[in-house]
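In what follows, a structure is listed as structure tokens, so that the remarks can point back to it.
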Number of protein chains: 2
Amino acid sequence: MKSPAELTDTFRANGLKVTPQRQLLFGLMHGNTVHPTAEALFAEASARMPGISLRTVYQTLTDLASMGELRLIDVGTGATRFDPNTDDHHHVVCSSCGEVRDVYVAGSDRLKVDGLDGFQIEEASILFSGTCVTCASDTVSRASARG
Amino acid sequence: MKSPAELTDTFRANGLKVTPQRQLLFGLMHGNTVHPTAEALFAEASARMPGISLRTVYQTLTDLASMGELRLIDVGTGATRFDPNTDDHHHVVCSSCGEVRDVYVAGSDRLKVDGLDGFQIEEASILFSGTCVTCASDTVSRASARG
DNA sequence: TTCTCAATCTGCAAAGAGTGCGAACTAGCA
DNA sequence: TGCTAGTTCGCACTCTTTGCAGATTGAGAA
Ligand SMILES: [Mn+2]
Ligand SMILES: [Mn+2]
Ligand SMILES: [Zn+2]
Ligand SMILES: [Zn+2]
């Protein structure tokens, strides 16, 4: 995703207005690596700008996505995650707490794939799922406490 | 997924009853390769057994899934897909019509993956998306019609 | 600076996909 | 044939996201 300053120019250049709400969200998303949900961003945004609406958060986020500045990610935890990292990358999600992290995969060009005949492929995404360090140690703690 | 006859035994052996609703769903899912949604199955089931409830379809499907007989798949089209194919396989979804097909991938063990440190991985799924033959030719047809 | 109006924001209703609950029903065993 | 634990069904409700419309405002024009 471009920087807030660059986005400001891009928006104006496209006849879109640069509102305080948008600027706030530009800032909250820039460099954000946690893959937040709309609700999570709404909570952060509300802290800095009481009164901002969840509707506007969704609006701005989907606008940025359709401009190619954000990626919408579905890791199967219910709500869509928003990602300012537009590199070619994949994800890993903790099935316990829902944490999402970036995963870079090399060598996927050498995979032997069977079943794509007839399809004109646009993209391939790999989703890893498992338990993050925090949740793994929590489990250990509870086990110790019990036994 | 086991055959309807085998499932009947398995269910009884586990103290679960074999109802007409369950038998119908065993039959509808056995060998089913379309990755249907609960609503789609409900429609098929209703045709054969008027009065069956969507609630029961969901119930039976999730029961089968927790017994490991069915896989729940999220291809990002909104509703969960149900898959009786428990082989280790992946999927491709048509971004236009939502059709889902099986994809077998070999060589994934040789991928170079970076970013999984700390995670205890339980599974990795690859989702391809693109345009299926039907939707591709539809697009061509419309283009021709226009000029 | 003030004017003007398209673009934006907000609140609320509503849609899509499931899930929790409890009353009525029934498969399977004695 | 009866009993009862397991099921089914309908309905209310949650969660996530979108549609709508009236009130508000950014930013170029004058
Ligand atoms: Mn990412
Ligand atoms: Mn499949
Ligand atoms: Zn975790
Ligand atoms: Zn298609």
Side-chain angles (χ1 to χ4, degrees), chain A residues 4-5 7-26 28 35-43 45-46 48-67 70-82 93 98 100, chain B residues 4-5 7-26 28 35-43 45-46 48-67 70-82 93 98 100:
Chain A
L7 286 174
T8 293
D9 293 344
T10 304
F11 268 58
R12 293 229 174 90
N14 285 58
L16 301 177
K17 295 175 179 174
V18 176
T19 66
Q21 291 88 342
R22 283 177 175 174
Q23 289 176 302
L24 173 57
L25 288 165
F26 293 169
L28 289 177
H35 304 86
T37 61
E39 283 284 354
L41 282 166
F42 173 58
S46 295
R48 303 225 188 1
M49 183 187 286
I52 189 173
S53 77
L54 176 59
R55 192 70 187 77
T56 295
V57 173
Y58 270 108
Q59 200 96 266
T60 302
L61 256 20
T62 53
D63 285 350
L64 284 168
S66 64
M67 294 169 75
L70 278 187
R71 280 180 52 188
L72 306 188
I73 297 170
D74 177 4
V75 292
T77 46
T80 299
R81 305 303 187 101
F82 297 85
V93 58
V100 174
Chain B
L7 285 175
T8 295
D9 293 344
T10 305
F11 267 60
R12 294 229 173 89
N14 285 57
L16 301 176
K17 295 176 180 174
V18 176
T19 65
Q21 290 89 340
R22 283 177 175 172
Q23 289 177 303
L24 173 58
L25 288 165
F26 292 169
L28 290 177
H35 305 85
T37 61
E39 284 285 354
L41 283 166
F42 174 58
S46 295
R48 304 225 189 359
M49 183 187 288
I52 189 173
S53 76
L54 176 60
R55 193 70 187 78
T56 296
V57 173
Y58 271 110
Q59 200 96 267
T60 301
L61 256 22
T62 52
D63 285 351
L64 284 168
S66 63
M67 295 169 75
L70 232 44
R71 279 180 54 187
L72 306 188
I73 298 169
D74 176 5
V75 292
T77 47
T80 298
R81 306 304 188 100
F82 296 85
V93 57
V100 174

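Below, chains carry the letters A, B, ... as their sequence lines are ordered, and counting in each starts from 1.
Between the CD1 atom of A:Ile52 and the P atom of C:dT8 there is a distance of 14 Å, given to the nearest Å. A straight line from CG of B:Asn14 to P of C:dG28 spans 13 Å, rounded to a whole angstrom. Note: CZ (B:Arg81) to P (C:dG16) measures 16 Å, nearest angstrom. Atom CZ of B:Phe11 and atom P of D:dT8 are 9 Å apart (whole Å). Summarising the geometry, the separation between CE on A:Met49 and P on C:dT8 is reported as 15 Å, rounded to the nearest angstrom. D:dT18 atom C1' lies 11 Å from atom CG of A:Leu54, rounded to whole Å. Distance CZ (B:Arg22) to C1' (D:dG6): 8 Å, rounded to an integer number of Å. Distance B:Phe42 CZ to C:dA17 C1': 14 Å, rounded to the nearest Å.
Under the rule for a ring-ring contact (aromatic ring centres under 6.0 Å, His included), B:Tyr58 has no partner lying at least two apart in sequence or in another chain.
For A:Thr62 (side chain) and A:Gln59 (main-chain N/O), a donor-acceptor pair under 3.5 Å exists by modelled atom type. Looking only at distances, a side-chain donor or acceptor of A:Ser66 sits under 3.5 Å from a matching main-chain atom of A:Asp63. Formation of a donor-acceptor pair under 3.5 Å by the B:Arg22 side chain with backbone atoms of B:Lys17 is found in this model.
Within the 4.5 Å cutoff, the side chain of B:Leu72 has heavy atoms near those of the B:Phe82 side chain.
Within the 4.0 angstrom heavy-atom criterion, only backbone atoms of the sugar-phosphate kind lie near A:Thr80; the bases stay farther away.
Between B:Glu39 and A:Gly51, the residue anchored closer to the 5' end of DNA chain C is A:Gly51, taking for each the nucleotide with the nearest heavy atom.
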- Item | B/S/- contact track for nucleotides 19-30 of chain D, protein heavy atom under 4.0 Å | BB----BBS---
- Query: Can you list the steps and then say if B:Val75 with B:Arg81 is a side-chain contact (heavy atoms from CB on, under 4.5 Å)?
  - Reply: CA-CA 8 Å; B:Val75 292; B:Arg81 306 304 188 100; 4.1 Å; yes
